[in-house]
Amino acid sequence: MHSSFSDQLAGLDLSGFSIGPAPVSTNDFPVHDAVVQTLEAVWSDLFAMVSGTALEADAEDLGWAFVNIFHRSATRKSTAVDRATDEVRALLATADGSEIHTHELETQVERAQCAEGAMIALEEMREVAAALYLNEFGSSWKPVSSSRFNHSAMLTSALVEGREFVRARSEAKRRAAMPEGTPVIFAGGRTRHPNEQDALTFANNVWATLDKVHDRVPDMVLVHGGDTKGVDRLASSWAERRNIPQISFSLDMRLGARAGFKRNERMLSLDPRYVVAFPGNGVLERLVIEAKSRRITVVDRRGPLGTSPKRAALDTD
């Protein structure tokens with residue numbers, strides 16, 4: 001095998017293959033209205049049951065687990081699609097034009113298409129459940145250690161032959177992992193406020209700032225650290241309410257003290273239009289300095305309660 005795998009795929013003669021229509025379509029899965037009505041009913045009954053009981057304190061954990069049921073199911077289907085795609089790739093590489101081989105290829109493509117259709121349907125259920133979670137608890141649902149991809153606009157069930165399926169699957173995964181648009185980095189640490197009014201003022205300032213940035217960057221993609229206990233949570237909730245795509249860069253704890261700085265590098269490598277900075281630690285300070293050195297506009301909100309430091313200084317004077 002002297003040529004690369006991609007060259008082998010490109011050189012295959014697939015003219016003898018005649019793969020039929022996809023075995024499933026969107027009509028084979030629950031319709032959107034039925035999904036919404038059913039999940040809303042289950043959600044309402046679940047929290048009505050625990051309300052006023054000792055389990056009420058665990059309501060948010062129960063809600064998170066409810067959404068996670070669909071997320072894990074969708075992830076398993078995505079893994080099945082990946083395995084089937086690898087099988088298609090292997091069959092293409094060993095194509096001999098025989099009837100048996102053609103039948104195996106057709107069967108494997110059908111399996112991949114079925115798995116992908118189920119994955120998209122389960123992702124839709126997860127998104128409906130995540131919207132219920134957002135309305136109930138006021139924060140965006142986020143998986144513990146995986147991404148929250150959404151392939152709904154990239155159904156590939158209309159494929160007609162193996163090589164196109166491999167190409168389309170690769171493109172679908174790339175587009176799901178890297179949404180199209182202009183990156184805007186949001187950064188901030190964990191903050192404590194002496195009273196509820198200050199906390200509400202801070203949250204309102206976060207949302208108002210992001211709204212202003214969105215006005216300037218209509219196709220923005222929000223890039224943040226994904227901290228579920230810090231200000232990232234407010235930004236993530238804002239993005240979900242506004243239907244803004246998000247990219248979350250969690251810390252790689254294997255890097256120890258360098259983890260935060262490495263995350264800064266990864267986020268800045270996206271060439272963002274803005275860096276929106278709220279109060280944080282020295283790692284955030286370094287992000288701001290590095291962004292300015294690259295001539296990236298910094299929206300500085302590290303003043304009291306998420307205000308501009310310059311405005312705070314003028315008010316003091």
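Index from 1, following the sequence. Just so you know, these numbers use all the heavy atoms, side chains as well, and skip hydrogens, waters and symmetry mates. Quick caveat, the model's predicted, so the values are computed rather than measured.
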Engineer: Any non-hydrogen side-chain atom of Val144 less than 4.5 Å from a side-chain atom of Trp64?
Structural biologist: yes

Engineer: If you take all heavy atoms of Ser248 and Lys142, which pair is closest and at what distance?
Structural biologist: OG-CE, 3.5 Å

Engineer: Going through the checks in order, is the side chain to side chain contact (heavy atoms under 4.5 Å, CB included) test met by Leu234 and Phe202?
Structural biologist: CA-CA 10 Å; Leu234 290 172; Phe202 179 80; 4.0 Å; yes

Engineer: Any idea which heavy atoms bring Arg233 and Glu60 closest together, and the distance?
Structural biologist: NH2-OE2, 2.5 Å

Engineer: Taking ring pair (Phe, Tyr, Trp, His ring centres under 6.0 Å) as the definition, give me every residue that meets it alongside Phe137, ordered by chain and number, with sequence neighbours left out.
Structural biologist: Phe47, Tyr133

Engineer: Taking the side chain as C-beta and beyond, is there a heavy-atom pair between Arg76 and Ser73 under 4.5 Å?
Structural biologist: yes

Engineer: Can Asn68 and Trp141 be said to form a side chain to side chain donor-acceptor pair (under 3.5 Å), step by step?
Structural biologist: CA-CA 9 Å; Asn68 198 51; Trp141 184 88; 5.5 Å; no

Engineer: Where is the tightest heavy-atom contact between Pro304 and Thr307, given as atom of each residue plus distance?
Structural biologist: O-OG1, 2.7 Å

Engineer: Ignoring hydrogens and geometry, is there a side-chain-to-backbone donor-acceptor pair from Ser237 to Ser140 under 3.5 Å?
Structural biologist: yes

Engineer: More than 12 heavy atoms of other residues, nucleotides or ligands under 6.0 Å from CZ of Arg241: is that the case?
Structural biologist: yes

Engineer: Can you find a heavy atom in the side chain of Trp238 that is under 4.5 Å from one in the side chain of Ile244?
Structural biologist: yes

Engineer: If Ile, Leu, Val, Met, Phe, Trp and Tyr residues are connected whenever their side-chain heavy atoms lie under 4.5 Å apart, and connections chain through other members, are Leu251 and Leu255 in the same group?
Structural biologist: no

Engineer: Indicate the atoms forming the closest heavy-atom contact of Thr53 with Val50, along with that distance.
Structural biologist: OG1-O, 2.6 Å

Engineer: Do Asn205 and Arg301 have side-chain heavy atoms sitting under 4.5 Å apart?
Structural biologist: no

Engineer: Would Leu222 end up clustered with Leu134 when hydrophobic side chains under 4.5 Å apart are linked, directly or stepwise?
Structural biologist: no

Engineer: So His193 and Leu305, side chain to side chain contact (heavy atoms under 4.5 Å, CB included) or not? Walk me through it.
Structural biologist: CA-CA 9 Å; His193 303 283; Leu305 299 180; 3.8 Å; yes

Engineer: Keeping the roles fixed (side chain from Gln108, backbone from Glu104), state whether a donor-acceptor pair exists under 3.5 Å.
Structural biologist: no

Engineer: Could you measure the distance from the OG1 atom of Thr75 to the CD atom of Glu123? Nearest 0.5 Å is fine.
Structural biologist: 8.0 Å

Engineer: Looking at Leu132 and Trp43, what are the two nearest heavy atoms and their distance?
Structural biologist: O-CZ2, 3.7 Å

Engineer: In terms of heavy-atom contacts, does CZ of Arg242 have more than 12 from other residues, nucleotides or ligands at under 6.0 Å?
Structural biologist: yes

Engineer: Under the criterion side chain to side chain contact (heavy atoms under 4.5 Å, CB included), I'd like the reasoning laid out for Asp252 against Lys262: C-alpha separation, chi angles, the key distance, then a yes or no.
Structural biologist: CA-CA 8 Å; Asp252 185 351; Lys262 185 62 177 179; over 6 Å; no

Engineer: Does one hydrophobic cluster hold both Val128 and Phe66, with members joined at side-chain heavy-atom distances below 4.5 Å?
Structural biologist: yes

Engineer: Does any part of the side chain of Arg83, heavy atoms only, come nearer than 4.5 Å to the side chain of Thr79, both counted from C-beta?
Structural biologist: yes

Engineer: Is the backbone N or O of Ala74 less than 3.5 Å from a side-chain atom of Ser78, with the two atoms forming a donor-acceptor pair by type?
Structural biologist: no

Engineer: If I compare all heavy atoms of Pro272 with all of Leu268, which pair ends up nearest, and what's the gap?
Structural biologist: CD-O, 3.6 Å

Engineer: Can you tell me how far the NE2 atom of His32 sits from the CD atom of Gln37, to the nearest 0.5 Å?
Structural biologist: 10.0 Å

Engineer: Is it possible for you to say whether Ile247 and Ile296 belong to one hydrophobic cluster, with membership spreading through side-chain heavy-atom contacts below 4.5 Å?
Structural biologist: yes

Engineer: Could you state the interatomic distance from CZ (Arg216) to OG1 (Thr297), rounded to the nearest 0.5 Å?
Structural biologist: 8.5 Å

Engineer: Using a 4.5 Å cut-off on heavy atoms from C-beta on, say whether the side chain of Ser236 contacts that of His224.
Structural biologist: yes

Engineer: Is Arg126 close to Val67 at the side-chain level, that is, under 4.5 Å between some pair of heavy atoms?
Structural biologist: yes

Engineer: According to a 4.5 Å side-chain heavy-atom criterion applied to Ile, Leu, Val, Met, Phe, Trp and Tyr, with indirect links allowed, do Phe249 and Leu210 form part of one hydrophobic cluster?
Structural biologist: no

Engineer: Stepwise, does the side chain to side chain contact (heavy atoms under 4.5 Å, CB included) test hold for Asp198 with Asn195?
Structural biologist: CA-CA 6 Å; Asp198 282 358; Asn195 54 63; 3.4 Å; yes

Engineer: Could you tell me if the side chain of Phe29 sits less than 4.5 Å from the side chain of Val35, heavy atoms only?
Structural biologist: no

Engineer: Are the charged groups of Asp86 and Arg89 less than 4.0 angstrom apart, N to O?
Structural biologist: yes

Engineer: Please determine whether a side-chain nitrogen of the Lys or Arg among Glu290 and Arg294 lies less than 4.0 Å from a carboxylate oxygen of the Asp or Glu.
Structural biologist: yes

Engineer: Can you give me every donor-acceptor pair (side chain of residues 273-288, partner residue at least two apart or in another chain, under 3.5 Å) with its distance?
Structural biologist:
from   : atom 1 : to     : atom 2 : distance (Å)
Asn281 : OD1    : Val283 : N      : 3.1
Asn281 : OD1    : Leu284 : N      : 3.2
Glu285 : OE1    : Arg302 : NH1    : 2.5

